[in-house]
Amino acid sequence: MGLSTWLLALLFLAGPADASLVRTTEHFRFHADARAHEAALRLADDAEARFTKVCRDISACDALPGPVDVFVTEDAESFAKAFPDDSPMAEWAVGVAFPAQRRIVLRAHGTAFFTLTETFDHEVSHVLVHAVARGGSLPRWFLEGVAIWQAGENVVERLASAQKAALTGQLMPLSSLSRGFPIQGAGVELAYAQSALFVRWLEREHGSAAMHDLFARLSRGDAFEDAFEGAFRGDVLGLETLWRRDLEERSNLLIVMRDGTILWVTMALLFLWAAAVKLREKKLALADEVGEEDDEVISAAWLALQRERDEGEGPTVH
């Protein structure tokens, strides 16, 4: 190998010219420029614990063939410089994984919705899933759904988005999200939402053992469709149909709960029912006191109790 080849190799390992190696851990090498130095150090301090949690979820703690380079950047310019050559950058991205190169690039401050550590977990998941599947082809919805499931990224926001779409019939078929996601507009958020919710539903309905089984099958070299059907005892289309039905039912319940008129009518009915139960209990108590055969005494006492309630002098029901 000539001198020029060695220099090129060293430059690739070092990354962008303005980024320096700031910390090495068992599985990561952290790089940052001067302005992102402190953020990179804080992330490095917690990196191995976060790695352990993510890798255990998918039985991938021994899957990496070498360390992962993590570049923590302050602005869009340094963010783009940390990408491998000829890699495009999405303007809205705050984290990108390049699994084949074992490289992760992060923006130091994240966004209003995604913290730096959540984004780190997300991208680590991408690298690990790639390693487990030995670089095999996996649907985009699965990759993103697993990464969000592992990182727990603002699930409530995604849940609300997907539920709203379910009610209006706007959910996209997962088959349309296998090779790629929309690149702009509301469809981007919905694609991530659907993917995350479907993966979480699979884990909830079939248990973590089924998820581990899926990744074990992928690590053996099974095609995704075969691994999925073997782990979850059904194909993607069939389980997607069940998930959509479940999501729509939950969404319809939320509409009832959020509708002010329905809610107040329901509360009024519950109040009347509780009041009737309470008054019946009082009537039975009076019957015990005066004897079941003395109907006139019971009726008089019952009418007096009702008058007290109507005049605001009796007990209130809460």
Side-chain angles (χ1 to χ4, degrees), residues 27-28 43 46-61 63-64 68-72 83 87 89-90 92-107 110-111 113-159 161-162 172 174 177-183 187-204 208 210-212 214-215 218-219 224 227-228 231-232 236 240 243:
H27 295 98
F28 304 100
L43 184 59
D46 200 31
E48 291 301 326
R50 305 191 75 86
F51 172 84
T52 299
K53 178 187 179 301
V54 172
C55 74
R56 282 178 177 171
D57 285 342
I58 58 175
S59 303
C61 294
L64 288 179
V68 177
D69 286 294
V70 181
F71 292 87
V72 183
F83 282 29
S87 296
M89 183 188 78
W92 47 265
V94 295
V96 181
F98 301 93
Q101 292 94 340
R102 296 198 303 278
R103 178 181 291 203
I104 293 171
V105 185
L106 306 169
R107 296 201 193 201
T111 68
F113 295 110
F114 309 118
T115 66
L116 176 61
T117 52
E118 287 171 340
T119 308
F120 174 74
D121 292 352
H122 184 111
E123 306 307 338
V124 168
S125 174
H126 282 320
V127 174
L128 286 174
V129 170
H130 176 86
V132 169
R134 304 178 185 181
S137 177
L138 298 174
R140 177 72 185 276
W141 65 259
F142 177 74
L143 291 171
E144 298 299 343
V146 169
I148 296 170
W149 165 64
Q150 292 196 285
E153 297 173 358
N154 211 319
V155 178
V156 174
E157 290 296 324
R158 286 176 168 77
L159 181 64
S161 297
M172 295 175 280
L174 289 176
L177 303 175
S178 290
R179 299 188 65 180
F181 279 14
I183 59 175
V188 177
E189 182 183 354
L190 179 57
Y192 280 97
Q194 287 186 224
S195 302
L197 290 172
F198 183 55
V199 169
R200 286 180 179 274
W201 180 85
L202 288 172
E203 196 272 339
R204 187 187 72 216
S208 58
M211 194 66 73
H212 283 279
L214 170 63
F215 282 99
L218 291 174
S219 70
F224 175 78
F228 186 96
F232 297 112
V236 174
E240 179 187 0
W243 165 69

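The first residue of the sequence shown is numbered 1, and numbering continues consecutively from there. Values in this document were obtained by computation on a predicted structure and should not be read as measured data.
- Inter-residue side-chain proximity for P139 and F224 is flagged as met; some heavy-atom pair is nearer than 4.5 Å.
- In this structure, the ring of H122 has its center less than 6.0 angstrom from the ring center of H126.
- With hydrogens and angles disregarded, a donor-acceptor distance shorter than 3.5 Å links the side chain of R134 to the backbone of S219.
- To the nearest 0.5 Å, the span separating OG1 on T117 from CG on L43 amounts to 7.5 Å.
- Between A63 and A131, the shortest heavy-atom contact is O-CB, 3.7 Å.
- A salt bridge is absent between R103 and D69: the closest approach of a Lys/Arg side-chain nitrogen to an acidic carboxylate oxygen does not fall below 4.0 angstrom.
- Between F142 and V236, the closest side-chain pair of non-hydrogen atoms is not below 4.5 Å.
- Rounding to the nearest 0.5 angstrom, the gap separating the CH2 atom in W243 from the CZ atom in F198 is 7.5 Å.
- By the 6.0 Å contact criterion, CZ on R204 is enclosed, its count of non-hydrogen atoms from other residues, nucleotides or ligands being greater than 12.
- Between M211 atom CE and D57 atom CG the span is 9.0 Å, to the nearest 0.5 Å.
- The shortest heavy-atom contact between G95 and E123 is O-OE2, 3.1 Å.
- Aromatic ring orientation, F98 versus F83: perpendicular (interplanar angle above 60°, classes split at 30° and 60°).
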Test log, rule side-chain contact (heavy atoms from CB on, under 4.5 Å), inputs V96 and I104 = CA-CA 6 Å; V96 181; I104 293 171; over 6 Å; no
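- Proximity of F181 to V188: side-chain heavy atoms (C-beta onward) are nowhere separated by under 4.5 Å.
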Verdict with supporting geometry, R50 and D121, side-chain contact (heavy atoms from CB on, under 4.5 Å) = CA-CA 7 Å; R50 305 191 75 86; D121 292 352; 2.7 Å; yes
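- The heavy-atom pair separating R140 from L177 by the smallest distance is CB-O, 3.3 Å.
- Looking only at side-chain heavy atoms (C-beta outward), V54 and L128 come within less than 4.5 Å of each other.
- Listed by chain and residue number, R244 satisfy the salt bridge (charged side-chain N to carboxylate O under 4.0 Å, His left out) test with E240 (two or more places apart in sequence, or in another chain).
- Side-chain contact between L106 and V94 is absent, with no heavy atoms from C-beta onward closer than 4.5 Å.
- For the atom pair CG of L174 and OG of S195, the computed distance is 6.5 Å after rounding to the nearest 0.5 Å.
- Listed by chain and number, the residues in a side-chain hydrogen bond (donor to acceptor under 3.5 Å, both in side chains) with S125 are Q150 (sequence neighbours excluded).
- L218 approaches A227 most closely through the heavy-atom pair CD2-CB, 3.9 Å.
- Counting heavy atoms from C-beta outward, L202 and W149 have side chains that stay 4.5 Å or more apart.
- Taken to the nearest 0.5 Å, the CZ atom of F120 stands 8.5 Å off from the CG atom of D46.
- A distance-only check finds a donor-acceptor pair linking the side chain of Q194 to the backbone of M172 [under 3.5 Å].
- For the atom pair CZ (R56) and NE2 (H212), the distance works out to 10.5 Å, reported to the nearest 0.5 Å.
- The aromatic rings of H27 and F51 sit parallel to each other, their planes meeting at less than 30°, with 60° as the upper class boundary.
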Verify side-chain contact (heavy atoms from CB on, under 4.5 Å) between V199 and I148, making sure each step is shown before the conclusion.
-> CA-CA 9 Å; V199 169; I148 296 170; over 6 Å; no
